[in-house]
Peer 1: 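Dropping the structure in here first, questions after.
All values reported here derive from a predicted model rather than from experimental measurement. Just so it is clear: chains get the letters A, B, ... in the order the sequence lines come, proteins before strands, and each one is counted from 1.
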Number of protein chains: 2
Amino acid sequence: MPGAKRSRTTNSGPRWALASQAERFRSARAAHADETAEDYAEAIADLIAREGSARVTALAACLGVSHVTVIRALARLSRGGLVVVMPYKGVALTRAGRALAARAKHRHGVVLAFLRALGVPARVAETDAEGLEHHVSPATLRAMERFVKR
Amino acid sequence: MPGAKRSRTTNSGPRWALASQAERFRSARAAHADETAEDYAEAIADLIAREGSARVTALAACLGVSHVTVIRALARLSRGGLVVVMPYKGVALTRAGRALAARAKHRHGVVLAFLRALGVPARVAETDAEGLEHHVSPATLRAMERFVKR
DNA sequence: ACGCTATTGTAGCCAAGGCTACATGGAGGT
DNA sequence: ACCTCCATGTAGCCTTGGCTACAATAGCGT
């Protein structure tokens with residue numbers, strides 16, 4: 001848990017304006033912590049839907065990392081109760097994992113559709129959506145949905 | 001019957017579709033690498049404009065991290081030629097650093113204005129902008145500018 | 001001039017997320 | 001049966017980015 005408590009910085013002068021900025025940076029960093037989980041959950045759900053199972057190698061290819069990275073990430077997700085790893089068999093999502101995957105997939109879809117509606121070329125939209133989706137708050141997501149449906 | 005016939009070497013199916021997805025993930029990760037630099041450059045430029053100098057402690061308060069984290073980050077940015085650290089005096093931006101700060105500031109402003117124009121509440125917009133700005137490609141940024149000016 | 005305090009800097013710990021190199025497991029082909 | 005090849009797994013290293021605890025400066029006030 002990063003940023004639990006702050007240091008005793010003096011904060012002289014009219015620094016309060018900056019303090020809330022610090023909060024925003026904190027949020028951004030905290031959000032980053034969940035990105036991996038969302039990406040993996042989504043990729044796993046996708047692979048299961050597409051190929052019937054999610055194997056380590058397929059995940060690695062899909063996410064663009066080495067199989068070692070996948071294995072370690074899965075161990076973490078497993079500790080976190082999002083996935084169940086069946087050695088040499090594949091990976092399954094727990095109930096929580098499926099919920100996370102569904103949320104991520106939905107958000108991804110909305111962001112992508114939104115960018116397209118904005119007039120961003122398909123290729124770029126797909127790349128940007130990958131980076132943006134993890135930082136879109138519920139309020140902004142709703143605004144995007146409104147815009148798309150408009 | 002999990003992965004009945006698509007398991008072997010073939011594993012075919014739409015793997016090319018996944019390959020490009022891997023590329024997208026790669027881009028997102030690469031972009032993440034520059035986030036720190038942009039955040040610091042922007043914060044430093046801001047502090048210099050506001051207070052006349054950018055000190056380590058002020059930066060730490062501003063970014064919401066400990067002064068130690070700032071010091072280490074500055075060392076890296078210095079190696080990268082973005083800042084010049086004057087021990088016990090403050091930090092200055094190099095030409096490249098100023099350019100980066102300007103770009104970051106501009107993008108930040110556009111994203112924020114865009115979110116506001118979309119109808120996102122100010123508070124949320126400010127938080128989201130912090131997370132989103134680093135993942136907005138030039139094409140998407142232009143689309144956002146068009147939308148705001150509309 | 002001297003010491004106190006806040007700012008800076010150093011040492012060292014932790015987790016995440018990358019990697020390569022090497023070790024095992026499992027299944028198909030001969 | 002066995003051999004080989006690919007998928008998995010393990011060991012160990014690197015960087016980034018957090019942190020606390022402690023050491024060293026600088027600059028101010030007395």
Side-chain angles (χ1 to χ4, degrees), chain A residues 1-13 15 22 25-40 43 47 51 53-80 82 85-91 134, chain B residues 2-12 15 22 25-40 43 47 51 53-80 83 85-91 134:
Chain A
M1 285 311 181
K5 42 196 54 173
R6 71 168 79 270
S7 51
R8 48 301 184 175
T9 38
T10 348
N11 253 329
S12 64
R15 187 63 46 73
F25 278 116
R26 262 187 247 276
S27 306
R29 282 196 301 272
H32 170 67
D34 304 331
E35 290 182 24
T36 304
E38 292 180 353
D39 285 341
Y40 273 79
L47 281 171
E51 317 193 342
S53 72
R55 311 298 299 267
V56 169
T57 306
L59 267 171
C62 185
L63 296 168
V65 297
S66 75
H67 76 279
V68 184
T69 299
V70 170
I71 287 172
R72 252 197 341 201
L74 288 178
R76 256 191 313 277
L77 297 187
S78 178
R79 258 184 270 133
L82 290 175
V85 181
M86 299 165 296
Y88 288 98
K89 297 282 287 281
V91 188
H134 303 292
Chain B
K5 39 204 63 174
R6 40 231 299 144
S7 303
R8 217 53 259 165
T9 32
T10 352
N11 200 329
S12 64
R15 184 48 54 79
F25 278 116
R26 261 187 249 275
S27 306
R29 282 197 300 273
H32 170 67
D34 305 330
E35 290 181 25
T36 305
E38 292 180 353
D39 285 341
Y40 274 79
L47 281 171
E51 317 191 345
S53 72
R55 312 297 300 268
V56 169
T57 306
L59 268 170
C62 186
L63 296 168
V65 299
S66 75
H67 76 277
V68 184
T69 299
V70 170
I71 288 172
R72 252 193 344 195
L74 288 178
R76 234 166 314 110
L77 297 186
S78 178
R79 259 184 268 134
V83 306
V85 181
M86 299 164 297
Y88 289 99
K89 299 279 290 281
V91 188
H134 303 292

Peer 1: Please give, in whole Å, the distance from C/dG18 C1' to A/L74 CG?
Peer 2: 15 Å

Peer 1: Does a side-chain N or O of A/R29 approach OP1 or OP2 of D/dG17 to a distance below 4.0 Å, or not?
Peer 2: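 For A/R29, the contact criterion (side-chain N or O under 4.0 Å from OP1 or OP2 of D/dG17) is not met.
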
Peer 1: Please enumerate all residues that pass side-chain contact (heavy atoms from CB on, under 4.5 Å) together with A/R76, with sequence neighbours excluded.
Peer 2: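 For A/R76, the residues satisfying side-chain contact (heavy atoms from CB on, under 4.5 Å) (neighbours in sequence not counted) are A/A73, A/R79.
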
Peer 1: Can you tell me how far C1' of C/dC19 sits from CG of A/L63, to the nearest Å?
Peer 2: 16 Å

Peer 1: For residues 31-40 of chain A, tabulate all N or O donor-acceptor pairs below 3.5 Å that involve a side-chain atom, not counting sequence neighbours.
Peer 2:
residue: A/H32; atom: ND1; partner: A/E35; partner atom: OE2; Å: 3.3
residue: A/E35; atom: OE2; partner: A/H135; partner atom: NE2; Å: 3.1
residue: A/E38; atom: OE1; partner: A/R107; partner atom: NH2; Å: 2.6
residue: A/E38; atom: OE1; partner: A/H134; partner atom: ND1; Å: 2.7
residue: A/E38; atom: OE2; partner: A/R107; partner atom: NH2; Å: 3.0
residue: A/D39; atom: OD1; partner: A/H134; partner atom: NE2; Å: 2.9

Peer 1: So which protein nitrogen or oxygen atoms get under 3.5 Å of nucleotides 8-14 of chain C's nitrogens or oxygens?
Peer 2:
residue: C/dT8; atom: OP1; partner: B/R55; partner atom: NE; Å: 2.7
residue: C/dT8; atom: OP1; partner: B/R55; partner atom: NH2; Å: 2.9
residue: C/dT8; atom: OP2; partner: B/T57; partner atom: N; Å: 2.8
residue: C/dT8; atom: OP2; partner: B/T57; partner atom: OG1; Å: 2.3
residue: C/dG9; atom: N7; partner: B/H67; partner atom: NE2; Å: 3.0
residue: C/dG9; atom: O6; partner: B/H67; partner atom: NE2; Å: 3.1

Peer 1: Minimum heavy-atom separation for A/A22 to B/A61, with atom names?
Peer 2: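 In terms of heavy atoms, the two residues are closest at CB-O, 3.3 Å.
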
Peer 1: Which heavy atom in B/L63 sits nearest to a heavy atom in A/R29, and how many Å separate them?
Peer 2: O-NH1, 3.3 Å

Peer 1: Under the side-chain hydrogen bond (donor to acceptor under 3.5 Å, both in side chains) test, which residues partner B/T69, sequence neighbours left out?
Peer 2: B/S66

Peer 1: Does B/T36 have a side-chain nitrogen or oxygen under 4.0 Å from the phosphate oxygens OP1 or OP2 of D/dT16?
Peer 2: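 Checking D/dT16 against B/T36, no side-chain N or O comes under 4.0 Å of OP1 or OP2.
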
Peer 1: Provide, to the nearest angstrom, the distance between the CG atom belonging to B/L77 and the C1' atom belonging to D/dT16.
Peer 2: 12 Å

Peer 1: Nearest-Å distance, CG (A/L59) to C1' (D/dT8)?
Peer 2: 13 Å

Peer 1: Taking only side-chain nitrogens and oxygens of A/S66, does any of them come within less than 4.0 Å of OP1 or OP2 of C/dG18?
Peer 2: no

Peer 1: Compare every heavy atom of B/A60 with every heavy atom of B/V70, then report the nearest pair and how far apart it is.
Peer 2: CG2-CA, 3.6 Å

Peer 1: Write down the distance between CZ (A/R79) and P (C/dG17), rounded to a whole number of angstrom.
Peer 2: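 After rounding, the gap between these two atoms is 11 Å.
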
Peer 1: If you define the side chain from C-beta out and look only at heavy atoms, does anything of B/H67 sit under 4.5 Å from B/I71?
Peer 2: yes

Peer 1: Nearest whole Å is fine: how far is D/dG18 C1' from B/R76 CZ?
Peer 2: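 One finds 11 Å between C1' of D/dG18 and CZ of B/R76, rounded.
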
Peer 1: Rounded off to whole Å, could you give me the CZ-to-C1' distance for the A/F25 and D/dG17 pair?
Peer 2: 15 Å

Peer 1: OP1 or OP2 of C/dG18 less than 4.0 angstrom from a side-chain nitrogen or oxygen of B/R26, does that happen here?
Peer 2: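 Answer no for this pair, as no side-chain N or O of B/R26 is under 4.0 Å from OP1 or OP2.
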
